[in-house]
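So the structure is just underneath, and the comments pick up after that.
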Amino acid sequence: MKKLFVLLGVLVLAPLFFMSQQSSPNNLNGFTADPGSFEILNRFQGKNNVLKVDRSKTNWFITSYPLGQYRGKQIAIEFSVDVWVEGSGNMLMWSLNDPPNNPMLSNNNPMVSMLESAAPDQWHNMRGRAIVTPAQSYTVLFLSNWGHPNNKIFYIANPTVRITENLSLTPDLSLPSLKDIYANDFLIGNIIDWNGMYNSGRYLDLLKHHYNILTTSAQLEARSIAPLNKGGVYRFTDTDNTINHFIRNNFQVLGHPLVFHAEQTPVWMTEGSREEVI
């Protein structure tokens with residue numbers, strides 16, 4: 001009878017043990033990708049525990065790291081990741097964004113690290129540091145590509161992230177002003193969205209100390225102002241508020257291209273004759 005119980009125990013527990021050994025982790029040190037788009041390899045090109053991502057099966061991000069647990073807190077992020085691109089390479093970017101919105105259609109998409117030309121079939125170390133206050137429970141640090149075909153395979157190895165909380169940052173306004181140093185040479189500018197952070201306080205003080213010309217990253221693009229469909233209503237309110245705030249704080253304003261590229265331009269602006277579009 002004792003042998004029978006032992007045999008039954010083995011028969012019951014063995015499949016569970018086998019399943020636990022075969023199940024794949026759903027992230028690599030917190031980095032993951034869209035379900036069904038990735039797997040974690042034991043070893044690839046000299047590195048252990050590698051996240052393999054099929055770009056053709058992802059929505060936008062190649063891989064991402066969640067920051068929603070820090071929502072409303074000012075944090076410093078420091079990270080380092082090795083990236084391998086299979087086949088021809090091009091630009092790779094680490095940015096911060098609030099999915100599931102398309103990052104290209106977001107006003108809150110600061111870039112943290114960029115590799116302008118990622119040579120194919122070799123490891124590239126990408127690292128960066130940023131200070132941010134996550135606005136949403138689903139804010140992430142994410143890797144995206146530019147100029148790569150969407151059927152590319154990407155490999156991620158040795159990802160590390162260090163988060164520092166409870167920052168108390170004050171700009172040092174005793175430093176020489178960039179706009180004053182180059183006053184006789186050229187204007188000094190920056191690209192921001194007037195989203196409340198810069199209305200007053202230390203951020204505005206820092207901008208006014210160093211810069212004398214500003215432009216927006218998204219609010220002057222056609223898709224932010226023009227109707228999404230032909231014959232619709234133009235939307236100037238947010239842009240007017242932003243530009244007026246720039247002017248009230250003695251900044252010059254630099255415009256944005258009317259037609260940028262496909263994701264920033266309503267479809268109707270690229271269809272029909274020249275006269276129809278105008």
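- At least one donor-acceptor pair under 3.5 Å links the side chain of W123 to the backbone N or O of Q45.
- When hydrophobic clusters are built by joining Ile, Leu, Val, Met, Phe, Trp and Tyr residues whose side-chain heavy atoms come closer than 4.5 Å, directly or via intermediates, L178 is not grouped with L187.
- The line from OG of S144 to CE of M114 is 11.0 Å long, rounded to the nearest 0.5 Å.
- Proximity of a side-chain donor or acceptor of R235 to a complementary backbone N or O of A226 within less than 3.5 Å is detected.
- Pairs engaging residues 218-253 under the ring pair (Phe, Tyr, Trp, His ring centres under 6.0 Å) rule: W194-H245, W194-F246, Y234-F236 [sequence neighbours left out].
- Side-chain atoms of N48 never come within 3.5 Å of backbone atoms of R43 as a donor-acceptor pair (strictly under, hydrogens ignored).
- With rounding to the nearest 0.5 Å, the separation of CG in L51 from CG in N49 is 10.5 Å.
- A donor-acceptor pair under 3.5 Å is formed between the side chain of T242 and the backbone N or O of D238.
- No side-chain heavy atom of F61 sits less than 4.5 Å from a side-chain heavy atom of N59.
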What side-chain donor-acceptor pairs closer than 3.5 Å can you find for residues 271-278, not counting sequence neighbours?
residue : atom : partner : partner atom : Å
S273    : OG   : E276    : N            : 3.2
E276    : OE1  : S273    : N            : 2.8

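- Within the 3.5 Å criterion, the main-chain N or O of L141 finds no donor-acceptor partner in the side chain of S64.
- Between atom CD1 of residue I62 and atom CE of residue M93 there is a gap of 8.5 Å, rounded to the nearest 0.5 Å.
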Worksheet entry | CA sep, side-chain torsions, deciding dist, call: N145, R55, side-chain contact (heavy atoms from CB on, under 4.5 Å) | CA-CA 9 Å; N145 63 290; R55 180 67 179 81; 2.7 Å; yes
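- Of the possible donor and acceptor atoms, none in the side chain of W268 sits under 3.5 Å from a partner among the backbone N and O of G231.
- When side chains are defined from C-beta on, Y155 does not count as touching V83, because their heavy atoms never get closer than 4.5 Å.
- The line from CG of D205 to OG of S200 is 8.5 Å long, rounded to the nearest 0.5 Å.
- By the rule that hydrophobic residues join a cluster once side-chain heavy atoms approach within less than 4.5 Å of another member, V53 and L28 end up as members of one cluster.
- For residues 199-221, the set of pairs meeting the ring pair (Phe, Tyr, Trp, His ring centres under 6.0 Å) definition, not counting sequence neighbours, is empty.
- In this structure, T215 contributes its side chain and I191 its backbone to no donor-acceptor pair below 3.5 Å.
- Under a 3.5 Å cut-off, the side chain of N29 and the backbone N or O of P159 do form a donor-acceptor pair.
- In the hydrophobic cluster analysis, where Ile, Leu, Val, Met, Phe, Trp and Tyr join through side-chain heavy atoms closer than 4.5 angstrom, V85 is grouped together with M126.
- For an aromatic pair to be called close, the ring centres must be under 6.0 Å apart, and W94 with F79 satisfies this.
- K57 pairs by the side-chain hydrogen bond (donor to acceptor under 3.5 Å, both in side chains) definition with nothing, not counting sequence neighbours.
- Within the 4.5 Å cutoff, side-chain heavy atoms of Q136 are placed close to those of R71.
- One hydrophobic cluster, built from ILVMFWY side chains closer than 4.5 Å, cannot hold both W84 and F154; they sit in different ones.
- Side-chain atoms of Y70 and E165 form no donor-acceptor pair, as typed in the model, at a separation below 3.5 Å.
- Interatomic distance, N244 CG to N249 CG, rounded to the nearest 0.5 Å: 11.0 Å.
- Counting heavy atoms from C-beta outward, I225 and E221 have side chains that stay 4.5 Å or more apart.
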Discussion item. What verdict does the side-chain contact (heavy atoms from CB on, under 4.5 Å) test give for L92 and H124, after you've listed the backbone C-alpha separation in whole Å, the side-chain angles of each residue and the deciding distance to 0.1 Å?
Written reply: CA-CA 10 Å; L92 294 173; H124 299 276; 5.6 Å; no
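- Listed by chain and residue number, K47, D82 satisfy the side-chain contact (heavy atoms from CB on, under 4.5 Å) test with N158 (two or more places apart in sequence, or in another chain).
- Surrounding CZ of R127 are at most 12 heavy atoms belonging to other residues, nucleotides or ligands under 6.0 Å away.
- Judged as a side-chain hydrogen bond (donor to acceptor under 3.5 Å, both in side chains), the pairs with a partner in residues 172-188 (not counting sequence neighbours) are, in order, D172-S174.
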Worksheet entry | Worked verdict on I131 versus Q74 for side-chain contact (heavy atoms from CB on, under 4.5 Å) | CA-CA 7 Å; I131 296 172; Q74 187 173 65; 3.9 Å; yes
Item to complete: Assess whether side-chain contact (heavy atoms from CB on, under 4.5 Å) is satisfied between V112 and I77, documenting all intermediate values.
Response: CA-CA 10 Å; V112 183; I77 309 167; over 6 Å; no
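- No donor-acceptor pair closer than 3.5 Å links the side chain of T63 to the backbone N or O of L143.
- T58 has its side chain out of reach of D54: every pair of non-hydrogen atoms, C-beta onward, lies at least 4.5 Å apart.
- The aromatic rings of F31 and Y65 sit tilted relative to each other, their planes meeting at an angle between 30° and 60°.
- Atom CD1 of I192 and atom CG of L214 lie 5.0 Å apart (nearest 0.5 Å).
- Residues I213 and L206 fall into different hydrophobic clusters, defined by Ile, Leu, Val, Met, Phe, Trp and Tyr side chains chained together at heavy-atom separations under 4.5 Å.
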